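Note sheet for the following structure.
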Amino acid sequence: MSERYKIIPEVFLLLIKEEKILLSRRFQTGWEDGNYGLPAGHGEYGETMREGVAREAQEEIGITIHANDLDFQLVQHRWCDDPGNPHARIGFYFTTRTWKGEPTNMEPNKCDDLSWFPLSALPNNTIGHIRAAIESYERGQKYSEYDWPNR
């Protein structure tokens with residue numbers, strides 16, 4: 001009998017304005033430090049994925065988004081080859097056209113840069129699965145897979 005998935009749900013915000021996307025550089029987290037990612041986090045028990053994105057946007061970049069204003073863009077099923085704990089994750093990516101406030105780094109202990117980058121010129125140090133998700137979004141894909149080991 002095969003083992004069932006125990007998947008960690010992740011939520012991501014693709015905040016795009018004038019063909020630029022907001023990216024945050026990880027700092028002192030112990031994972032992908034020095035590389036750019038998106039405002040993101042884990043989905044929490046009892047909340048929808050949209051509610052999770054809205055919560056993370058408030059916590060990480062200080063903007064208010066109503067969950068109903070978030071538009072689903074992509075699901076990414078990815079493999080994490082963590083030493084001693086290989087596992088799968090499911091990432092839910094959303095955009096919005098409406099938010100209140102100006103994006104601000106609310107977690108300077110975890111992020112040392114918050115900047116807008118052209119969608120066509122992401123920084124070289126963009127986290128691999130984030131780059132892949134942005135590229136999938138630009139192609140209009142709704143589902144993608146990332147970093148699955150050869151079987």
Side-chain angles (χ1 to χ4, degrees), residues 2-17 20-65 67 70 72-96 99 101-139 141-151:
S2 62
E3 184 179 345
R4 289 188 180 183
Y5 274 123
K6 294 177 179 88
I7 295 179
I8 297 172
E10 302 171 305
V11 293
F12 297 89
L13 177 62
L14 298 161
L15 195 62
I16 298 168
K17 176 174 77 170
K20 292 184 177 179
I21 189 164
L22 187 71
L23 298 177
S24 60
R25 188 169 54 207
R26 297 182 63 85
F27 174 68
Q28 300 184 130
T29 67
W31 184 80
E32 292 285 355
D33 289 335
N35 296 322
Y36 282 95
L38 296 166
H42 295 124
E44 293 185 359
Y45 182 79
E47 70 183 2
T48 67
M49 296 300 104
R50 281 188 171 99
E51 290 167 344
V53 171
R55 174 184 49 76
E56 291 290 348
Q58 182 69 50
E59 290 174 4
E60 293 187 9
I61 60 173
I63 63 172
T64 301
I65 301 172
L70 287 159
F72 167 77
Q73 296 300 326
L74 173 72
V75 167
Q76 183 185 65
H77 191 195
R78 70 185 180 99
W79 185 254
C80 296
D81 202 13
D82 292 344
N85 184 28
H87 61 279
R89 292 186 178 211
I90 294 282
F92 297 87
Y93 292 77
F94 294 88
T95 58
T96 186
W99 68 86
E102 188 60 34
T104 304
N105 182 2
M106 304 300 289
E107 297 182 324
N109 59 323
K110 295 180 182 179
C111 169
D112 66 357
D113 184 44
L114 186 65
S115 298
W116 295 94
F117 293 93
L119 282 164
S120 61
L122 299 177
N124 289 337
N125 58 332
T126 300
I127 297 168
H129 76 91
I130 298 297
R131 178 182 296 279
I134 293 169
E135 291 169 355
S136 292
Y137 160 75
E138 288 186 287
R139 288 191 300 268
Q141 291 177 294
K142 296 295 184 185
Y143 174 81
S144 70
E145 296 170 351
Y146 182 80
D147 212 21
W148 283 88
N150 294 332
R151 305 230 182 257

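Remember, it's a predicted structure, so these values are computed and weren't measured experimentally. Residue numbers count from 1 along this sequence.
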Non-hydrogen atoms of [X] and [Y] that approach each other most closely:
| X | Y | result |
| --- | --- | --- |
| Trp79 | Pro86 | CZ2-CB, 3.5 Å |
| Phe27 | Pro108 | CD2-O, 3.6 Å |
| Thr104 | Leu114 | C-CD2, 3.5 Å |
| Ala54 | Ile65 | CB-O, 3.3 Å |
| Gly43 | Met49 | CA-CE, 4.2 Å |
| Ile61 | Met106 | C-CG, 3.6 Å |

Parallel, tilted or perpendicular: which describes the rings of Phe72 and Phe94, with under 30° parallel and over 60° perpendicular?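 Phe72 and Phe94: perpendicular rings.
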Parallel, tilted or perpendicular: which one describes the rings of Tyr36 and Phe117, with boundaries at 30° and 60°?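 Plane angle over 60°, so perpendicular.
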Hey, does Lys142 have a side-chain heavy atom less than 4.5 Å from the side chain of Gln73?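 They are in side-chain contact.
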Less than 4.5 Å apart, any side-chain heavy atom of Asp147 and any of Arg78?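 No, every pair of side-chain atoms sits at 4.5 Å or beyond.
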Out of curiosity, [X] [atom1] to [Y] [atom2], how far, rounded to the nearest 0.5 Å?
| X | Y | atom1 | atom2 | result |
| --- | --- | --- | --- | --- |
| Lys17 | Lys20 | NZ | NZ | 8.5 Å |
| Asp82 | His87 | CG | NE2 | 5.0 Å |
| Asp33 | Gln28 | CG | CD | 7.5 Å |
| Trp116 | Ile16 | CH2 | CD1 | 8.5 Å |
| Glu56 | Glu10 | CD | CD | 10.5 Å |
| Ile8 | Ile90 | CD1 | CD1 | 11.0 Å |

Determine the sole option in Thr95, Thr96, Ile130 for which the side chain to side chain contact (heavy atoms under 4.5 Å, CB included) test with Leu14 is passed.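 Checked Thr95, Thr96, Ile130 against Leu14; only one passes side chain to side chain contact (heavy atoms under 4.5 Å, CB included): Thr95.
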Report the residue from Thr126, Leu15, Asn125, Asn35 that forms a side chain to side chain contact (heavy atoms under 4.5 Å, CB included) with Leu23.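 For Leu23, the side chain to side chain contact (heavy atoms under 4.5 Å, CB included) test succeeds with only one of Thr126, Leu15, Asn125, Asn35, which is Thr126.
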My understanding is that only residues two or more places apart in sequence, or in another chain, count here; which of them pass ring pair (Phe, Tyr, Trp, His ring centres under 6.0 Å) with Phe12?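 Per chain and number, Phe12 pairs via ring pair (Phe, Tyr, Trp, His ring centres under 6.0 Å) with Tyr93, His129.
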Just by distance, do the side chain of [X] and the backbone of [Y] share a donor-acceptor pair under 3.5 Å?
| X | Y | answer |
| --- | --- | --- |
| Ser24 | Leu22 | no |
| Glu60 | Ala40 | yes |
| Arg50 | Leu70 | yes |
| Trp31 | Arg26 | no |
| Arg89 | Gln76 | no |

Candidate pair Arg25 and Asp112, rule salt bridge (Lys or Arg N to Asp or Glu O under 4.0 Å), full reasoning: CA-CA 6 Å; Arg25 188 169 54 207; Asp112 66 357; 2.7 Å; yes
